[in-house]
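Worksheet for the structure shown next.
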Protein chains: 2
Amino acid sequence: MATIKKKSLDLSTEQKIKKAALKLFTQKGFSATRTRDISDEAGINLALLNYYFRSKENLFQLVMAEILQKFFSGIIEIFNDEATSLDEKVNSFVARYTALLKEQPELPLFIFHELRLHPQKLASKIGLSKVFNSFFFKQLSAEMDRKKIAPIHPLHYVLNMIGMCVFPFIAAPLLKHIAGVDARTFETIVDERKVLVPKWMKSILNTK
Amino acid sequence: MATIKKKSLDLSTEQKIKKAALKLFTQKGFSATRTRDISDEAGINLALLNYYFRSKENLFQLVMAEILQKFFSGIIEIFNDEATSLDEKVNSFVARYTALLKEQPELPLFIFHELRLHPQKLASKIGLSKVFNSFFFKQLSAEMDRKKIAPIHPLHYVLNMIGMCVFPFIAAPLLKHIAGVDARTFETIVDERKVLVPKWMKSILNTK
DNA sequence: GTCTATAAAGTGATAGAC
DNA sequence: GTCTATCACTTTATAGAC
């Protein structure tokens, strides 16, 4: 009992602040989030936020770095795996990102929103240079060669795959609050897509 | 020469403010936009903003109403046209929204972002109740009946169609500033999709 | 490390002259 | 209608006691 693992109830002050910041930044974005909101959410004093992180901006950068790392590392990893087929990569991608997004549904809207406001500042935190000459792209080219159909720019394929996984979560507020889709139906849809998206991606490769 | 049409250079003060507000709100969102930014952009005095629109909030509501109307009226219109086939509707939708988004690429990210923050406040401004029993949905059901394949929830189909058009513009900051896709390539991709998306939508209907 | 109090700057809005 | 000046309030950040 000398050293016990940290429970969610007894986080360090620093961790409490980061957790609260993660939640509020992703929900409301950088500009709409007040440092007081964060300190309240964390259940600590406002001054402690600056004691630990110096500034709101600095706290944001730290949280953002973790989020971007978490969000994009999966793509690199899957795309560069030389042991898996194209189909397997699509399956992995869809399964992994659907799971991630069910856990943190606000992530895509948050990331793309902030990315638009500060593209330069965040660019250094994302290593995506390896994507375009990844093993995935080679496999994709080979597959299009093998078929008799007219090849498409690989970007089309990636946009479709990512978009099909991510867009439902971007459109979720619209679906739920305006189109009247209930939470139950939304979850069913998302789950069905884990099977459907890979099928559609195959049929896209066969479209002439 | 007595009455001449308004040129973009001699807009009324009220119009100048609305134009500036539209630009800045869509670029940065409500929270990150300062009323001073708007007055500067419009080339007028800050006090005039409140003289004409009473408050930032009020100006936002007005601008937002126009944006939402512009963005969603097209869907209703196309979906309820009983004179066109399913394929024609998809073609119309893709052509119309691609053109709209090439003109105002920030629209989707802005709309979905604000929609998430104030779903209730904006819900009344969007009439989407008619979508789910639209003629489009009836045609879609009929088409899936006619084919021998297992039918999918119509929401899958709509999410794919809208997502395939809209997602490239949501991902644009990522593509341009992080993945290194130049503006020229991006435009080519978007233009190619005007032809490709309808094809893919057909093949999705044939996927078993 | 944590708190209270407060400084310093930003931001929406208005009064009042022209 | 348009401007300058300014108010009232919010928000980030820090100083200093404990």
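Every chain is numbered from 1, with letters handed out A, B, ... down the list of sequences.
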Here the residues of residues 50-66 of chain B within 4.0 Å heavy-atom distance, strictly under, of DNA chain D are Y51(B), Y52(B)

Could you go through nucleotides 7-10 of chain D and list every protein N or O atom that sits under 3.5 Å from one of its N or O atoms, giving the distance for each pair?
none

Original post:
Would a 4.5 Å heavy-atom cut-off, applied to side chains only, mark L109(B) and L109(A) as touching?
Top reply: yes

By nearest-heavy-atom nucleotide on DNA chain C, the more 5' of I44(A) and L48(B) is I44(A)

Report, one line per pair, each donor and acceptor closer than 3.5 Å where one atom sits in a side chain of residues 151-164 of chain A; sequence neighbours left out.
from    : atom 1 : to      : atom 2 : distance (Å)
H153(A) : ND1    : L155(A) : N      : 2.9
H156(A) : ND1    : R193(B) : NH1    : 3.2
H156(A) : NE2    : E192(B) : OE1    : 2.7
N160(A) : OD1    : R193(B) : NH1    : 3.4
N160(A) : OD1    : R193(B) : NH2    : 2.5
N160(A) : ND2    : H156(A) : O      : 3.3

Here the salt bridge (charged side-chain N to carboxylate O under 4.0 Å, His left out) pairs for residues 107-128 of chain B, sequence neighbours left out, are E57(B)-K121(B)

With heavy atoms under 4.0 Å as the rule, sort L49(B) into base, sugar-phosphate or nothing.
nothing

By salt bridge (Lys or Arg N to Asp or Glu O under 4.0 Å), K56(A) pairs with (sequence neighbours left out) none

By salt bridge (Lys or Arg N to Asp or Glu O under 4.0 Å), K176(B) pairs with (sequence neighbours left out) none

- Using a cut-off of 4.0 Å on non-hydrogen atoms, how would the nucleic acid contact of T33(A) be classed: base, sugar-phosphate, or nothing? sugar-phosphate

K138(A) meets the salt bridge (Lys or Arg N to Asp or Glu O under 4.0 Å) criterion, sequence neighbours left out, with none

Contacts of T207(A) meeting side chain to side chain contact (heavy atoms under 4.5 Å, CB included) (sequence neighbours excluded), chain-then-number -> K199(B), W200(B), S203(B)

Review point. When we call it a touch if two heavy atoms are under 4.0 Å apart, what does S31(B) touch: a base, just sugar-phosphate, or nothing?
Key: nothing

Sequence neighbours excluded, the answer for salt bridge (Lys or Arg N to Asp or Glu O under 4.0 Å) partners of D191(A) is K102(A), K194(A)

Applying side chain to side chain contact (heavy atoms under 4.5 Å, CB included) to D37(A) and not counting sequence neighbours gives L24(A), K28(A), R34(A)

Under a 4.0 Å heavy-atom criterion, DNA chain C is touched by chain A from dG1(C) to dT4(C)

So salt bridge (charged side-chain N to carboxylate O under 4.0 Å, His left out) across residues 59-82 of chain B, not counting sequence neighbours, yields K18(B)-E66(B), E77(B)-R96(B)

